[in-house]
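Worth saying up front: this structure is predicted, and the values here are computed from it rather than measured.
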Protein chains: 2
Amino acid sequence: MIPLDAFDISILAILQADNTTPQRDIGEQIGLSAPAVQRRIKRLRETGVIRADISVLDPEKLGRPITVFAEVKMEVEKVEIIKQAKAIFSSTPQVQQCYYVTGDVDFILILVVYSMKEYEELTQQLFFGNNNVKSFKTSIVLDIVKAGLSIPINKP
Amino acid sequence: MIPLDAFDISILAILQADNTTPQRDIGEQIGLSAPAVQRRIKRLRETGVIRADISVLDPEKLGRPITVFAEVKMEVEKVEIIKQAKAIFSSTPQVQQCYYVTGDVDFILILVVYSMKEYEELTQQLFFGNNNVKSFKTSIVLDIVKAGLSIPINKP
DNA sequence: GGCAAATTTGCAATTTTGTTTCGTTGCACT
DNA sequence: AGTGCAACGAAACAAAATTGCAAATTTGCC
């Protein structure tokens, strides 16, 4: 477990909202010098607390892709089967998100495709083409009301 | 609709994987000068194609928050009711993602909480406390197999 | 096809930002 | 008190982003 003090928490809160914020500005906001901030950010990256730095794109502006939500049930819940499924889902670019969950389904996926044809091919490849998949159910996303990866940072 | 040429597409692909990539490197990769890249990025931001630039944090390293998946069904699908629900979900920090979908449920949510107590309070506030919510079902996420916001960029 | 207007580019100079160095301070442990 | 460690800030430095400008490319229109 990496120890995080109040400064780290503040830095993380700022960066997960906008990682183009200059280190000087961050320093000013939290009361630290730019180098101190820089060293902390470096450590946060090295230790994996900051996992990635990315631009978030607007799907609407990129050819209006279709977001699809899928629930998947596996035939058997053998470790090896699950592991294999995870690997397949992870490596598929159209799979934007994949969660392994409790309850009556095993996986929850968020898919992004550009056409129904691509959607069909994808379901064929991921679900029908996989004997370990017992059943699946999909829903079309009508509206992405909110989509982020922000983690609430003020623990109660 | 904002016209995007091959250069823009390449730039977006790079930035959505790593937005700390120096503009000079981007230019080298795609065959453009740094200023040209910079001007394009600026325009992409201004036009909203790039919606945000963020650091992605590792939940595991931040006090092991619990990710919860929730399906919500509304009493009636009146526009006003839906609109209101969207507003509530959007403004709740623990709601990391919210999708309005077709099918037998109306909303799909991904929640992030730090304790079962917080989870209980949240369901009370969001679901039990809202008369327009007919029913809801939640699952605990055992493993975040893949979580990103990347949009596949090579259109078929 | 050819021409003019508008865009977009690359280069060079400037500014801003990020990084390294170095000396100092606070603190736990002997 | 003395030592070692960790983190800090100020200043110097390196790297990257941004701007101004002239040349080149593209676009729209005869």
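Between A/Pro35 and B/Asp5, the residue whose closest nucleotide on DNA chain C is further toward the 5' end is B/Asp5.
At least one donor-acceptor pair under 3.5 Å links the side chain of A/Asp106 to the backbone N or O of A/Met74. A donor-acceptor contact shorter than 3.5 Å is absent between the side chain of A/Asp53 and the backbone of B/Thr20. With hydrogens and angles disregarded, a donor-acceptor distance shorter than 3.5 Å links the side chain of A/Lys61 to the backbone of B/Thr47.
When distances are taken from the side chain of A/Pro22 to each of D/dC8, C/dG10, C/dT17, the shortest belongs to C/dT17. Listed candidates were C/dG10, C/dT20, D/dA17. Nearest to the side chain of B/Gln23 is D/dA17. Closest contact between the side chain of B/Arg39 and the listed nucleotides D/dG20, C/dG18, D/dT18 involves D/dG20.
Atom CG in A/Asp8 sits roughly 16 Å away from atom P in D/dA6 (whole-Å rounding). The distance from atom CD1 of A/Ile11 to atom P of D/dA7 is 13 Å, rounded to the nearest whole Å. C/dT19 atom P lies 11 Å from atom CD1 of A/Ile26, rounded to whole Å.
There is no side-chain donor-acceptor pair under 3.5 Å between A/Ser139 and B/Tyr99.
Aromatic ring centroids of A/Phe107 and A/Phe136 lie 6.0 Å or more apart.
B/Gln38 has a side-chain polar atom (N or O) that falls below the 4.0 Å cut-off from OP1 or OP2 of D/dT18.
Of the residues in residues 40-51 of chain B, those with a non-hydrogen atom less than 4.0 angstrom from any atom of DNA chain C are B/Arg40, B/Arg43.
B/Ile151 CD1 to A/Asp58 CG: the interatomic distance, rounded to the nearest 0.5 Å, is 7.0 Å.
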